[in-house]
Amino acid sequence: MTDEERLDRLNGMLKRRGFLLPSFEIHGGSKGLYDFGPVGGRIRSKVNQEWLHHWLKLGNVVEISCPTVTPYAVLEASGHVGEFSDFMTQCMACEEASRADTLLEPYHPNPDALKRDDLQNLLAQEEPVCPACGEASWSEVVAQNLMFNTTIGAGASGRPGFLRPETAQGMFTSFNALYRHFRERLPFGAMQVGKGYRNEISPRQGMIRLREFNMAELEYFIDPESAPNDDLTPWDTTPLWLVPDGKSPVKMTLSAACQQGVIRHSTVARFMGITHEFLEAVGIDTKRIRFRQHEGDEMAHYAMDCWDAEIEGSYGWIECVGIAHRGCYDLESHERATGKTLRARREFDEPRTTVIDAWTIDGSTAGPAFKANAGLVKIAVEALSKDTDFPATLTLENGEVVVVGPEHVKPNKKTVKETGEWFIPHVIEPAFGIDRIIWHVIDHAYAELEKNGETYTVMQFTPAVAPVDIAVFPLYEKDGMDATAAEIHRRLCARTGTFSMYDGSGSIGRRYARADEIGIPQCVTVDHQTLEDGTVTLRDRDTGKQLRVPIDRL
RNA sequence: GCGAGCGUAGUGUAGUGGUUAUCACCGGGCGUUGCCAACGCCUGAACCCGGGUUCGAGUCCCGGCGCUCGCACCA
């Protein structure tokens, strides 16, 4: 039995039982789009809940929700318009598509920075050969954007926009409201769970690369100058597999990794610990988790450190989480693009007082005397020491030389007190690919056991993500057992957070098997004894053991 | 995007131009059955879409869509 055959059987089961289905299948389907069916939908929402719960435990994070439709300017400021566009060209001989900038790398120091026309001209001039067939004839260069284009508004008043490629930008553009919410105190975080969109050239491998995907991101804002005090001791007993910057995997604790500088920021380390806990809580096999550090050239240019949580499954090691220390890049970019400030204030331990005792200009005389240069003269004069004698010959910033007489100046004596300063916070971002995580939850839960000489399928979900919490069966649908079972089922469903499933068709063994196949942790069976003493059997999925319990104790 | 292979009930499949499309599991109903895919009877459900060749196409050809893999792209 090979892994591929296991994967085929798993995929068949996922379709048959309503976990995951190709979207819009009756219309022929659409690549890179998946439905979560009646069973999968419930798993998705439980994984999302579990994710929120894990990060809310930090105590200083909030959940927000921003639109998926995003104006052009936002994603231009963030760098996505530039980064998510590739300029492609096609070989006229073999039709192989290539990136124009890649082809031109030998001929230009930084072709990535060139505009379309420049690429087109350089391509015509240098005539690089096709890596596939060796010919040197290229089609027109076209921009291939990996974001979905749209127009916000109709007609001439419509303006360009995109479906967001990540949720993060909403957290950055909302920074000031968040800052106020947290009483202007760092650190704090904002997170959201939602959809992201990338118009992938070639979606592959089932749920691994999708065009519309579920993501969950936290932006955690910190003061880069205040010493982090992250407590890493909770993970001191669980060393993790780390793959530092292109080196071999090592198993070490987060504390040790921080002390040795392998992980460059303790908050990144703490988030790796929380990520590991979360993955374990949703049922990922911890032996198949590792954290891989981005190598220097792989890391986005703004990132200061980046660790991916990779999970091993049917498709090998897949990146499912990225934990990036992004510095001040994002807030700074939005500041630059909008002219608005996105800053936090840092109070000094002691107010900083500066005593100035020197010269400044006397506006009433210097103004008329120096006219347009008066401002520059002021700067030059204020830079002079107190013992300067006037008249003095000064060279201004613009290179002009002026003579400043005693009538143009007056003593400048004042005390400037500063109690703090404004700065752009740094941000640490854990970003989760929820679909990829759900895939691995399913992959790791899928067990093919043997029972009475036949393959027996069980999804060994943890209760935290099990799509159905409990199933209720009447032993037979008669003698009132069906009515009692239906009543228990309704009562369980009415309970917040509990989802029950009633199943009365087929033999009892078949119903247990059906419940096991979608990973229901417990099954309740109503039998003849129930009608006499009000007890039912409670059967455990993984042990098969049955307990007799009163209905009220469920 | 390029190349190769593939597309038949819910799932897995048989079917090399000729009746009513095979088989299994599956689903539903009724009955038997005192708890782990049981049995009997009844029953449900498919040739991806469009065009072409042909007296006749699930089968051959072309195009589209989808799936898998490789290359490329991408995180």
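Lettering follows sequence order; numbering is per chain, from 1.
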Pair assignment for RNA chain B - dot-bracket with | for other-strand partners, Watson-Crick or G-U under 3.5 Å: (((((((..(((.....[....)))(((((((.....)))))))...(((((..]....))))))))))))....
Of all the nucleotides listed ([options]), which has the minimum atom distance to the side chain of [X]?
X: Arg510(A); options: U11(B), C35(B), A37(B); result: A37(B)
X: Lys478(A); options: U32(B), A38(B), C35(B); result: U32(B)
X: Ser505(A); options: C74(B), A75(B), G28(B); result: G28(B)
X: Lys451(A); options: C35(B), A75(B), C36(B); result: C36(B)
X: Ser507(A); options: A75(B), C35(B), A37(B); result: A37(B)

Contact nearer the 5' end of RNA chain B, comparing Ile26(A) with Gln529(A): Gln529(A)
Smallest separation among heavy atoms of [X] and [Y], with atom names:
X: Pro244(A); Y: Ser248(A); answer: CD-O, 3.6 Å
X: Ser500(A); Y: Val472(A); answer: OG-CG2, 3.6 Å
X: Val74(A); Y: His334(A); answer: O-CE1, 3.6 Å

Rounded to whole angstroms, how far apart are [atom1] on [X] and [atom2] on [N]?
X: Asp516(A); N: A37(B); atom1: CG; atom2: P; value: 10 Å
X: Glu25(A); N: G10(B); atom1: CD; atom2: P; value: 9 Å
X: Phe473(A); N: G34(B); atom1: CZ; atom2: P; value: 19 Å
X: Glu166(A); N: C74(B); atom1: CD; atom2: C1'; value: 15 Å
X: Arg17(A); N: G10(B); atom1: CZ; atom2: P; value: 16 Å
X: Leu10(A); N: U11(B); atom1: CG; atom2: P; value: 14 Å
X: Asn11(A); N: U11(B); atom1: CG; atom2: P; value: 12 Å
X: Glu217(A); N: A75(B); atom1: CD; atom2: C1'; value: 13 Å

Atom [atom1], compared across [N] and [M]: separation rounded to whole Å:
N: C60(B); M: U16(B); atom1: P; answer: 9 Å
N: U54(B); M: G70(B); atom1: C1'; answer: 37 Å
N: U22(B); M: C55(B); atom1: C1'; answer: 27 Å
N: A57(B); M: G15(B); atom1: C1'; answer: 14 Å
N: U59(B); M: C42(B); atom1: P; answer: 34 Å
N: G44(B); M: G5(B); atom1: C1'; answer: 33 Å
N: U33(B); M: G10(B); atom1: P; answer: 35 Å
N: C69(B); M: A37(B); atom1: C1'; answer: 34 Å

Nearest-0.5 Å distance that lies between atom CZ in Arg292(A) and atom CG in Asp308(A):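 Result: 6.0 Å between the selected atoms.
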Those residues that, when tested against Thr525(A), pass side chain to side chain donor-acceptor pair (under 3.5 Å) (two or more places apart):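 For Thr525(A), the residues satisfying side chain to side chain donor-acceptor pair (under 3.5 Å) (neighbours in sequence not counted) are Tyr512(A).
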Test side chain to side chain donor-acceptor pair (under 3.5 Å) applied to Thr70(A) - qualifying residues, sequence neighbours left out: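 Residues passing side chain to side chain donor-acceptor pair (under 3.5 Å) with Thr70(A): none at all.
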Side chains of Val321(A) and Ile437(A) in contact at under 4.5 Å (non-hydrogen atoms): yes
4.5 Å side-chain heavy-atom contact, Ile442(A) and Phe461(A):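 Sidechains of Phe461(A) and Ile442(A): in contact.
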Should [X] be listed as having a side-chain N or O under 4.0 Å from OP1 or OP2 of [N]?
X: Arg514(A); N: C36(B); answer: no
X: Asn452(A); N: C36(B); answer: no
X: Arg16(A); N: G27(B); answer: no
X: Thr537(A); N: C35(B); answer: no

Name of the residue among Phe432(A), Phe278(A), Phe271(A) meeting ring-ring contact (aromatic ring centres under 6.0 Å, His included) with His54(A):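 Output: one option passes, namely Phe278(A).
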Ion pair Arg548(A)/Asp527(A), N-O distance below 4.0 Å: yes
Under-4.0 Å salt bridge between Glu517(A) and Arg16(A):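 Result for this pair is yes, salt bridge flagged.
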Positive for salt bridge (Lys or Arg N to Asp or Glu O under 4.0 Å) with Asp516(A), one of Arg539(A), Lys451(A), Arg541(A), Arg511(A):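 With Asp516(A) as partner, Arg539(A), Lys451(A), Arg541(A), Arg511(A) yield a single salt bridge (Lys or Arg N to Asp or Glu O under 4.0 Å), made by Arg539(A).
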Verdict with supporting geometry, Tyr220(A) and Trp55(A), ring-ring contact (aromatic ring centres under 6.0 Å, His included): CA-CA 11 Å; Tyr220(A) 194 73; Trp55(A) 295 101; 8.5 Å; no
N/O to N/O distances under 3.5 Å, protein versus nucleotides 65-69 of chain B:
residue: C65(B); atom: O2'; partner: Gly28(A); partner atom: O; Å: 3.0
residue: G66(B); atom: OP1; partner: Lys31(A); partner atom: N; Å: 3.3
residue: G66(B); atom: O4'; partner: Gly28(A); partner atom: O; Å: 3.2
residue: C69(B); atom: N4; partner: Arg204(A); partner atom: NH2; Å: 3.1

Sugar-phosphate, base or nothing in reach of Glu319(A), heavy atoms under 4.0 Å: base
Residues in contact with RNA chain B, drawn from residues 539-554 of chain A - heavy-atom cutoff 4.0 Å: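 Going residue by residue through residues 539-554 of chain A, the ones with a heavy atom under 4.0 Å of RNA chain B turn out to be Arg539(A), Gly544(A), Gln546(A).
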With sequence neighbours excluded, residues passing salt bridge (Lys or Arg N to Asp or Glu O under 4.0 Å) with Lys478(A):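 Salt bridge (Lys or Arg N to Asp or Glu O under 4.0 Å) list for Lys478(A), sorted by chain: empty.
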